[in-house]
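Here is how names work: the chains are called A, B, and so on, in the same order as the sequence lines, proteins then strands, and each is numbered from 1.
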Protein chains: 2
Amino acid sequence: MAAISGGKTYHHGDLRNALICAAVDLATEGGPERVVLREAARRVGVSPTAAYRHFDGRGELLRTVKTHAQRALADSMERAAAREPGADDPALAAERRLAALCRGYVGFAVAQPGLYRAAFCVVRQAGPDESAPECRMPEPEIRAFTLFGEALDALARAGAPRRDVRPSAGAAAWSAVHGLSLLLLDGPLRRLPAQRRNAVVETTLAMVVTGARIP
Amino acid sequence: MAAISGGKTYHHGDLRNALICAAVDLATEGGPERVVLREAARRVGVSPTAAYRHFDGRGELLRTVKTHAQRALADSMERAAAREPGADDPALAAERRLAALCRGYVGFAVAQPGLYRAAFCVVRQAGPDESAPECRMPEPEIRAFTLFGEALDALARAGAPRRDVRPSAGAAAWSAVHGLSLLLLDGPLRRLPAQRRNAVVETTLAMVVTGARIP
DNA sequence: TGCCCGATGTTGACCGCATGAACATTCCGG
DNA sequence: CCGGAATGTTCATGCGGTCAACATCGGGCA
């Protein structure tokens, strides 16, 4: 993520991207609260206010980082699922895939705490229009949720959960891994030794999978 | 929480408490990030630096609020459980109590988003001693966890989960309600209409309970 | 009783950050 | 080749955290 630039000219040439990279680095190092406009500008070697030519302000910069982090999270999930060996029994395969997605999720959170927190941080909106229309589904751009949903669908096709529970089931699975991740990162489970932490993760996974299996 | 004071003297008389109240109000209104030393002092009608006679700085003030919020959360859980009617079947009673605790948990989060977030916010430590000794259990002062643990114990005594899963099972249940709360508050489930939100909550509860029931 | 010290507040100052206004430098299309 | 649009810069304002020096109060001891 650390970009290098050669000659110094008055015009940077790709400041927007450079700032994004710097901001992502900052978030990676210390989470969303460390995404500071001035610091990003400093790292890129540009004056603080230059950023305003490319972003509405700190808010928009952070939102960009957030999007990046959400993508990275989903990627981690897909990679984990791809590593998972298949199975003849479709139900078993579906369960394995669900578990792998969960592991990819928590794995990303633990490996990239700063980015993970950035992926879910709250960013002040531009307009004070708090009254966005209600939304049936979670913010659509969250691919992580889509992945859980699809996995649960597959499980359903293999005969497991009641049809009418979906898509709530996706949200339930998501809740479990999200809560687990946060408790492990900055929450009260932060100091668990690795082995005990693993136990907690596996227990939670079991809860998710059996919760999806049993009507 | 809003305190009134009578005559104005140079010495306030109970500044520490007054500041805490103001800070809790702030957190209630806008979460931990709105707990601002200067603002708390302003509300109490005192100069900003006066707070330093009673707190190490913003950090300690916030930590105090956090503790308060954790207590309030646990109280909400216990109240919800107390409202729950008993049952003849001990296993059923145990399941009901667990569900009630969860509802009390999520209910608090939804009713007091600011306080809830404050209860789990990260506060910079005084010394940079990142290397606290590893801890087998979650931070002991978190009564919420204790409550989940006890409820699962009761369920275990009624014959449900495998012995060896505890206390991981407590963490799993906690993860589910914690993640659910956060997704509902500022997360991607924030805009769900009330009815759909209820469905998600109930589905998650079912996951927690069946997850605890099935070995 | 009266005075002095420590506890408690206050002022003033410094630093970092977000953000806006006015000014400077490039670059590119006509 | 030139002028305006892009893109950066400097200057200034306001907020928040925190420190040092100074002011005030109140209670205990001589």
Side-chain angles (χ1 to χ4, degrees), chain A residues 3 5-23 25-27 29-66 118 121-128, chain B residues 3 5-23 25-27 29-66 118 121-128:
Chain A
S5 79
K8 283 269 181 180
T9 62
Y10 189 93
H11 281 110
H12 179 286
D14 193 25
L15 187 51
R16 180 165 221 277
N17 266 317
L19 285 172
I20 294 178
C21 289
D25 285 350
L26 284 169
E29 294 165 22
E33 52 275 345
R34 194 168 308 172
V35 175
V36 166
L37 217 107
R38 287 176 104 99
E39 174 65 15
R42 220 171 290 141
R43 293 194 176 194
V44 174
V46 91
S47 87
T49 52
Y52 285 84
R53 297 293 177 198
H54 302 275
F55 299 94
D56 220 4
R58 188 192 114 112
E60 197 188 324
L61 180 58
L62 223 196
R63 219 167 307 131
T64 309
V65 172
K66 177 171 173 165
C121 69
V122 196
V123 188
R124 74 138 182 67
Q125 289 302 313
Chain B
S5 80
K8 282 271 182 179
T9 63
Y10 189 93
H11 281 104
H12 179 285
D14 193 25
L15 187 51
R16 181 164 220 277
N17 267 317
L19 285 172
I20 294 178
C21 289
D25 285 351
L26 284 169
E29 294 166 21
E33 52 275 346
R34 192 165 314 171
V35 175
V36 166
L37 216 106
R38 287 177 110 103
E39 174 65 15
R42 223 170 287 143
R43 293 194 177 194
V44 173
V46 92
S47 87
T49 52
Y52 285 83
R53 298 293 177 197
H54 303 274
F55 299 94
D56 221 3
R58 186 191 117 112
E60 198 188 322
L61 180 58
L62 223 195
R63 220 168 305 130
T64 309
V65 172
K66 177 171 172 166
C121 69
V122 197
V123 187
R124 73 142 180 65
Q125 288 303 314

Please report, rounded to the nearest Å, how far the [atom2] atom of [N] is from the [atom1] atom of [X].
X     : N      : atom1 : atom2 : result
A/E33 : C/dC17 : CD    : P     : 14 Å
A/R42 : D/dG8  : CZ    : C1'   : 17 Å
B/D56 : D/dG17 : CG    : P     : 14 Å
B/E39 : D/dG14 : CD    : P     : 18 Å
A/Y52 : D/dA12 : OH    : P     : 18 Å

Query raised in the report: What's the shortest heavy-atom distance between A/V35 and A/R58, and which atoms?
Result: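 Taking A/V35 first and A/R58 second, the nearest heavy atoms are O-NH1, 2.6 Å.
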Query - Closest contact, heavy atoms only, A/V65 versus A/A118 - result: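 Looking at all heavy atoms of both residues, the closest pair is CG1-CB, 4.3 Å.
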Query raised in the report: B/G57 or A/S47: which one's nearest nucleotide on DNA chain D is closer to the 5' end?
Result: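 Final value for this comparison: A/S47.
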Report task. Give one of base, sugar-phosphate or nothing for A/G13, where a contact means two heavy atoms less than 4.0 Å apart. Result ->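 Sugar-phosphate only.
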Requested in this report: Would you indicate what A/R58 reaches in the nucleic acid, counting non-hydrogen atoms under 4.0 angstrom: base, sugar-phosphate, or nothing?
Outcome: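 Touches sugar-phosphate only.
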Query raised in the report: Does some side-chain heavy atom of B/C121 sit less than 4.5 Å from a side-chain heavy atom of B/L62?
Result: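 They are in side-chain contact.
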Nearest to the [X] side chain among [options], which nucleotide is it?
X     : options                : value
A/H54 : D/dG8, D/dG17, C/dA18  : D/dG8
A/V36 : C/dT10, C/dC23, C/dC17 : C/dC17
A/T49 : C/dG9, D/dT10, C/dA18  : D/dT10
A/A50 : C/dA18, D/dC22, D/dT9  : D/dT9

Query raised in the report: Is there a side-chain polar atom (N or O) of B/R124 under 4.0 Å from OP1 or OP2 of D/dT18?
Result: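 It does, given that an N or O in the side chain of B/R124 lies less than 4.0 Å from OP1 or OP2 of D/dT18.
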Query raised in the report: So, are A/E29 and A/R43 salt-bridged, with charged N and O less than 4.0 Å apart?
Result: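 So A/E29 pairs with A/R43 through a salt bridge.
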